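Treat the numbers as computed from the prediction; the structure is a model and nothing was measured. Just so it is clear: chains get the letters A, B, ... in the order the sequence lines come, proteins before strands, and each one is counted from 1.
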Amino acid sequence: MEKYSPQSIEKKWQSKWLDENVYKTEMDEKRPKYYALEMFPYPSGNLHMGHVRNYSIGDVLARFKTMEGYNVLHPMGFDSFGMPAENAAIKHGVKPSDWTYSNIDNMKRQQREMGLSYDWDREVLTCRQDYYRWTQWIFQLFYKKGLAYKKKAYVNWCDTCGTVLANEQVEDGKCWRCDSEVVKKDLSQWFLKITDYADELLKDLDKLQGWPERVRIMQENWIGRSEGLEFELEVPALGEKIAAYTTRPDTVYGITFLALAAEHPLVEKICEANPEKAEAIRDFVKEAQNQSDIERTSSESEKKGIGTGVYAVNPFNGNEAEIWVTNYVLADYGTGAVIGVPSEDQRDWMFATKYNLKKIITLQPKDRELKLEEMTEAYVDKAGILVNSAEFNGMDIKSAMQGIMDKAEKEGFGKRRVNYRLRDWLISRQRYWGAPIPVIYCDDCGEVLVPEDQLPVQLPEDVKFEQGSVSPLAQSEAFVNCTCPKCGKPARRETDTMDTFICSSWYYLRYTDPHNDKMPFDKEKVNYWAPVDQYIGGIEHAILHLLYSRFFTKVLRDAGMLSFDEPFKRLLTQGMVLKDGSKMSKSKGNVVSPEEIIGKYGADTARLFILFAAPVDRDLDWSDEGVEGSFRFLKRVWRIIEIFENQIKAGADEYDIKALTPEEKELRHVLHVTLKKVTDDLGERFNFNTAISTIMELVNAFYKFQNNDKLNPGLAREVSVNLIKMLAPFVPHITEELWAELGFEGSVHQQKWPKYDEAATQKDEVEIVLQINGKVRDRIMIPANISKEEMEQAAKDNQRVQELTEGKTIVKMICVPKKLVNIVVK
RNA sequence: GCCGAAGUGGCGGAAUUGGCAGACGCAGCAGACUCAAAAUCUGCCGUGGUAGCCCCACGUGCCGGUUCGAGUCCGGCCUUCGGCACCA
């Protein structure tokens, strides 16, 4: 055998796998299916270590499940619409498509150099017509079901990106992509009605037991369900009613004012009703709207308001409550109007104190009596007895709540209501490089869908890209001008494209039937392969992509296109790859390039290190010395096979196990313990790091025989064959090479995963620990299967135990079979 | 502020059901091979006492508890990281 040289071995096998198309997958009803999926990347140009980690995890799983006998679907593609391509066009004058496709070519080459077992025939590119045609088709499906609609609203706008953003894409009041401040704009935009599914999206989180709990909790918080009462307050001066929502109906007798959002639709009418204050109110509204999103939504910022001199009537007791226009009430949550109950809500307390508004106590704790003049803050505990609340006086909170809501419903001015924090998904983007929204506007017919046989609405090629200008699509006369499909008159196309998160909300379904040109996917195929059995990706998608995909799956299910409720059965959120304790980034200069590492040590070493260095779901600090260690291990594997090459080839698959020496029996024991542990770690627990460390122990045990040329050939063969098979999912090239080198037929990756011999994992003799009062005092070897009494006797017979218990009374003895005897003495 | 996760040698980490704390790897030290170095192989490697071993004490963020026995369970803190944050 020659020296281990990853560069030549890896190239050789990669082209062989590619030429022979060994990772091609077809439906097969005879075998159980397994769908392993890594989140597809954005084609930024190069793979980074996060990708390497993601794909290494997925590849081990796909290869392991294949060896276990599953029919494994393991596809890859590119989330290839999006801003960076357009920015490249603006900056360097390259076409977004050219930029994108050349990046894809480069990244695919890098993926191939990693030795990943993808079925490339199923590749999905979201920017290709054969894909976005169906993205548009699905949009139209949503439209026909009333789940896509256009409305005017105060939306999040990023000036740098020149487009609107979804709520989920605003982080701390800043754009998720470019970090610039987000402002509010009043625009007419397309939305998807995800709120229709809020309840199911929340409820079905219970079905996702294979997801990390924290992701489920994050989604739960994001959806933010609350129950309460919505009721109407009359405003005699306007001849109107204002609806308010509260989760504390028990406090309604304490209302002393009504707070409105600055954007509340009745604000202008209130100004008209009270001309004296109109100007001041309008100024206040303007000021509030000029505040940035961060200022307005921070809990630290000052709560301001202006009294309008117009009053609303509390329907419960007829009391008047002045209407205040404020900067803190959100226009798009609840009704945009909030009751002010100073004594039982801390924010209302501060607001009322600041503006000298009345406070009424309507809730008294059981153990003390509250007095307004002694109180310095609101009483917010949800415990006590109602006072000042008419017929509800003396009730506890729970019954008062029900009674008050019953009253509102009976008298017809209010209703129980569930509210969600989740808002509808704003999907229009004023950008070029995305799937055009397939809608036409006609002066006579209004909004008209582009007929299905005219899909896709294609992106025009002859457009200009300029910094800061309006969308290139809106400037393209040839694109905008069209005829109305209904009446044939001149009409205009929608020039907005879809949020790229739409494209990635269904790609995992397309993989099951990627070449279908009649439908997005065939029902039978999608139901065979999907849902995804194991999804692997970064935690950054905990809400965005994972919530949207769940929504899409449910809508497509309701449309009869598939028959499951959730797209991803199990989810694994991998940790980040760090260097020197912080995230790799160009600005910090701590980037380690996968290409360099693969060039120097080979893909097998890179994969092995990244899987060995830390548990998959934890952050991993990159270590150059650690990589050396992984490389060293592979060289050790290579050499030990080389040392025993002759025995392995001479050995038989069936041999006389009874003839083994005690040392050889021990090696065989280690082998089968390793098999058991590795199988368990890969299949049940995703403990790749400990699976590898166990294999290292096996190799260490094998090395004990390195100078022993009398090692039983059958055993040498058994150990080597199983060692190679166990390593195969992790390091596919070196194992394939060793497999061939030893003269075995076919690919190691098409072998059956080895079974362990239960008998060999047991031992005749075990070492147990002798404890006195819980402290280890000695260790002895005893037969594995002796009785409790025999164990106790063996412990008592032990010389050290006798020395240390001399003159003391044995109170108790605890025996744990095969582990320990604890003697409690006084 | 609310919710969640984590805290173990010089470092990454292991300990699956409450049962030998520190597997495996990195770094370090020593030896073998070598003219020498690299590579490789072997051994040592938590702290302190004793200074060779044996042995003893201490030790999993801190304080307390349950238990024959706690890194693991319970109560109370501290620190770090992540998510949400005027949601009425």
Side-chain angles (χ1 to χ4, degrees), chain A residues 3 171-172 212-222 224-226 228 244-248 251 259 261 296-303 326-330 332-341 345-348 350-351 419-423 539-540 542-543 576 608-609 612-615 617-630 632-633 635-636 639 677 680-681 684-685 687 689-697 699-700 703-704 706-707 767-779 800 811-825:
Chain A
K3 209 180 130 213
E171 297 170 350
D172 270 340
E213 200 193 355
R214 62 175 181 145
V215 175
R216 296 203 309 261
I217 290 171
M218 279 162 79
Q219 292 212 354
E220 195 181 315
N221 292 340
W222 189 261
R225 184 182 197 271
S226 73
Y245 172 75
T246 179
T247 53
R248 288 291 302 274
T251 67
R296 268 192 92 176
T297 57
S298 158
S299 50
E300 259 101 85
S301 77
E302 201 188 354
K303 283 139 199 71
T326 71
N327 67 348
Y328 69 87
V329 174
L330 303 173
D332 56 354
Y333 181 77
T335 61
V338 180
I339 55 172
V341 187
D345 182 279
Q346 184 54 24
R347 193 185 44 204
D348 293 349
M350 285 160 69
F351 193 81
N419 248 313
Y420 297 94
R421 215 193 71 110
L422 182 73
R423 309 295 150 83
I539 186 75
E540 67 273 17
I543 293 170
M576 285 192 300
L608 188 72
F609 168 72
F612 175 63
D617 55 353
R618 235 189 277 181
D619 287 352
L620 176 157
D621 209 351
W622 186 266
S623 145
D624 292 332
E625 294 82 10
V627 179
E628 287 280 353
S630 293
R632 201 145 48 212
F633 170 70
K635 285 191 284 187
R636 255 167 92 76
R639 204 173 320 108
K677 167 117 174 101
D680 197 33
D681 275 352
E684 301 298 320
R685 291 153 39 98
N687 286 351
N689 57 329
T690 54
I692 293 167
S693 71
T694 309
I695 298 174
M696 286 174 169
E697 287 180 73
V699 171
N700 290 346
Y703 260 86
K704 296 243 155 60
Q706 60 178 311
N707 298 318
E767 189 186 68
I768 64 158
V769 167
L770 301 182
Q771 293 184 335
I772 293 170
N773 290 344
K775 297 201 166 167
V776 179
R777 292 303 180 209
D778 208 353
R779 286 154 231 264
R800 254 187 78 68
V811 184
K812 201 175 178 182
M813 287 185 90
I814 288 115
C815 278
V816 182
K818 295 182 197 176
K819 288 226 168 92
L820 61 82
V821 177
N822 187 15
I823 303 164
V824 187
V825 297

Quick one: is [X] getting a side-chain N or O under 4.0 Å of the [N] phosphate, OP1 or OP2?
{"X": "A:Lys635", "N": "B:rU40", "answer": "yes"}
{"X": "A:Arg636", "N": "B:rC41", "answer": "yes"}
{"X": "A:Arg347", "N": "B:rG1", "answer": "no"}
{"X": "A:Arg639", "N": "B:rA39", "answer": "no"}
{"X": "A:Tyr245", "N": "B:rC87", "answer": "no"}
{"X": "A:Lys775", "N": "B:rC58", "answer": "yes"}
{"X": "A:Thr690", "N": "B:rG13", "answer": "no"}
{"X": "A:Asn689", "N": "B:rG25", "answer": "no"}
{"X": "A:Gln706", "N": "B:rU42", "answer": "yes"}
{"X": "A:Asn687", "N": "B:rG13", "answer": "no"}
{"X": "A:Arg685", "N": "B:rA15", "answer": "yes"}

Please report the distance, rounded to the nearest Å, between [atom1] in [X] and [atom2] in [N].
{"X": "A:Asp681", "N": "B:rA15", "atom1": "CG", "atom2": "C1'", "value": "12 Å"}
{"X": "A:Leu330", "N": "B:rA85", "atom1": "CG", "atom2": "P", "value": "11 Å"}
{"X": "A:Glu220", "N": "B:rC87", "atom1": "CD", "atom2": "P", "value": "17 Å"}
{"X": "A:Asn822", "N": "B:rC20", "atom1": "CG", "atom2": "P", "value": "11 Å"}
{"X": "A:Arg777", "N": "B:rA57", "atom1": "CZ", "atom2": "C1'", "value": "10 Å"}
{"X": "A:Asp619", "N": "B:rC11", "atom1": "CG", "atom2": "C1'", "value": "16 Å"}
{"X": "A:Met576", "N": "B:rG82", "atom1": "CE", "atom2": "P", "value": "8 Å"}

Tell me whether the side-chain N or O atoms of [X] pair up with the base of [N] as donor and acceptor below 3.5 Å, since no angle test is needed here.
{"X": "A:Arg618", "N": "B:rA6", "value": "no"}
{"X": "A:Lys303", "N": "B:rC86", "value": "yes"}
{"X": "A:Asn221", "N": "B:rC84", "value": "no"}
{"X": "A:Arg423", "N": "B:rC87", "value": "yes"}
{"X": "A:Lys677", "N": "B:rU16", "value": "yes"}

Output yes when a side-chain donor or acceptor of [X] lies under 3.5 Å from a complementary backbone atom of [Y], and no otherwise.
{"X": "A:Asn822", "Y": "A:Val816", "answer": "no"}
{"X": "A:Asn773", "Y": "A:Val825", "answer": "yes"}
{"X": "A:Asp619", "Y": "A:Met576", "answer": "yes"}
{"X": "A:Asn687", "Y": "A:Asp681", "answer": "no"}

### C1'-based separation of B:rA27 from B:rG48 [nearest Å]
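Between the two C1' atoms, the distance is 24 Å.
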
### Task
Step through the shown structure and confirm whether more than 12 heavy atoms of other residues, nucleotides or ligands are within 6.0 Å of CZ on A:Arg421.
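Count over threshold, so yes.
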
#### Entry: Heavy atoms of other groups near A:Met350 CE, more than 12 under 6.0 Å
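No, the 6.0 Å shell around CE holds no more than 12 heavy atoms from other groups.
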
Can you figure out which of [options] approaches the side chain of [X] most closely?
{"X": "A:Asp680", "options": "B:rU16, B:rC24, B:rG19", "result": "B:rU16"}
{"X": "A:Val816", "options": "B:rC20, B:rG25, B:rG19", "result": "B:rG19"}
{"X": "A:Lys819", "options": "B:rA88, B:rC20, B:rG19", "result": "B:rG19"}
{"X": "A:Arg800", "options": "B:rG25, B:rG13, B:rC55", "result": "B:rC55"}
{"X": "A:Val329", "options": "B:rA88, B:rC20, B:rC24", "result": "B:rA88"}
{"X": "A:Pro615", "options": "B:rG19, B:rA14, B:rC24", "result": "B:rA14"}
{"X": "A:Glu213", "options": "B:rA57, B:rA5, B:rG19", "result": "B:rA5"}

With sugar-phosphate meaning primed atoms plus P, OP1 and OP2, does [X] contact a base, only sugar-phosphate, or nothing at under 4.0 Å between heavy atoms?
{"X": "A:Val769", "value": "base"}
{"X": "A:Leu820", "value": "base"}
{"X": "A:Tyr420", "value": "nothing"}
{"X": "A:Ser630", "value": "nothing"}

### Query
Would you call B:rG49 syn or anti, using the 90° rule around 0?
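Classified anti.
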
Under 3.5 Å for both donor-acceptor distances, Watson-Crick or wobble: does [N] have a partner, and if so which one?
{"N": "B:rC55", "result": "B:rG49"}
{"N": "B:rC77", "result": "B:rG61"}
{"N": "B:rC20", "result": "none"}
{"N": "B:rG9", "result": "none"}
{"N": "B:rA32", "result": "B:rU40"}
{"N": "B:rG71", "result": "none"}
{"N": "B:rG82", "result": "B:rC3"}

#### Entry: Member of A:Ile823, A:Leu820, A:Val824, A:Asp778 meeting the side-chain contact (heavy atoms from CB on, under 4.5 Å) criterion with A:Gln771
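Among A:Ile823, A:Leu820, A:Val824, A:Asp778, the one that satisfies the side-chain contact (heavy atoms from CB on, under 4.5 Å) with A:Gln771 is A:Leu820.
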
### Query
Looking at A:Tyr328, is A:Arg347 sitting on its ring face, NZ or CZ under 6.0 Å from the six-membered ring centre and within 45 degrees of the normal?
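Here A:Arg347 fails the 6.0 Å and 45° test against A:Tyr328.
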
### Query
Hey, are A:Asp332 and A:Arg423 close enough for a salt bridge, meaning a charged N less than 4.0 Å from a carboxylate O?
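Looking at A:Asp332 and A:Arg423, the cut-off is met.
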
### Message
Please compare A:Gly629 and A:Ile814 by the position of their nearest nucleotide in RNA chain B and report the one closer to 5'.
### Response
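With A:Gly629 and A:Ile814 compared, the 5'-side residue is A:Gly629.
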
